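Below is one structure; the comments refer to it alone.
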Amino acid sequence: MAKRLIPTLNRVLVEKLVPPSQTAAGILLPEKSSKLNSGKVIAVGPGGRDVAGNHIPVTVKEGDEVLLPEYGGTEIKLGEKEYHLYRDEDILGTLHH
């Protein structure tokens with residue numbers, strides 16, 4: 001059983017963030033109330049190459065919080081945790097608080 005996955009080329013390993021289902025005051029929230037498809041970058045590949053052979057680095061780094069498309073990515077299970085593998089160009093943007 002693998003304990004760590006290092007993505008190849010321009011792929012990014014993301015752990016999806018689950019929004020809280022209850023407020024601090026104890027009010028239960030419906031599932032659709034705060035659905036923002038976001039995740040935390042766990043690992044990134046080294047990047048890809050263009051037609052001329054020049055290195056194209058990945059635009060995100062480990063620890064970034066990113067906005068993900070509603071569909072896509074490859075679901076991967078390592079141990080008890082579930083991750084998703086996306087191409088760098090599939091990631092919609094980074095989130096800053």
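Because the structure is predicted, anything quoted here is derived from the model rather than measured.
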Closest non-hydrogen contact found for E82 with E15 is O-CG, 4.3 Å
Distance-only donor-acceptor hits, side chain of residues 41-53, under 3.5 Å, sequence neighbours excluded:
from, atom 1, to, atom 2, distance (Å)
R49, NH1, G53, O, 3.2
D50, OD1, A52, N, 3.2
D50, OD1, G53, N, 3.0
D50, OD1, N54, N, 2.7

Is the closest side-chain heavy-atom distance between [X] and [Y] below 4.5 Å?
{"X": "L68", "Y": "V14", "answer": "yes"}
{"X": "R87", "Y": "R11", "answer": "yes"}
{"X": "P7", "Y": "V12", "answer": "no"}

Is the count of non-hydrogen atoms from other residues, nucleotides or ligands lying under 6.0 Å from K16 atom NZ greater than 12?
yes
Is there a path of hydrophobic side-chain contacts, each under 4.5 Å between heavy atoms of I/L/V/M/F/W/Y residues, joining [Y] to [X]?
{"X": "Y86", "Y": "V58", "answer": "yes"}
{"X": "I6", "Y": "L13", "answer": "no"}
{"X": "L78", "Y": "L85", "answer": "yes"}

Given the rule in the side-chain contact (heavy atoms from CB on, under 4.5 Å) test, do L67 and I91 qualify, once you have shown the distances and angles that lead to the verdict?
CA-CA 6 Å; L67 183 62; I91 294 176; over 6 Å; no
Could you check whether any side-chain N or O of D88 sits under 3.5 Å from a backbone N or O of T59, counting only pairs where one atom can act as donor and the other as acceptor?
yes
Rounded to the nearest 0.5 Å, the CG atom of N10 sits from the CD atom of E89 at a distance of 5.0 Å
Partners of P57 by side chain to side chain contact (heavy atoms under 4.5 Å, CB included), sequence neighbours excluded?
H55
Going by atom types only, do D64 and T94 share a side-chain donor-acceptor pair under 3.5 Å?
no
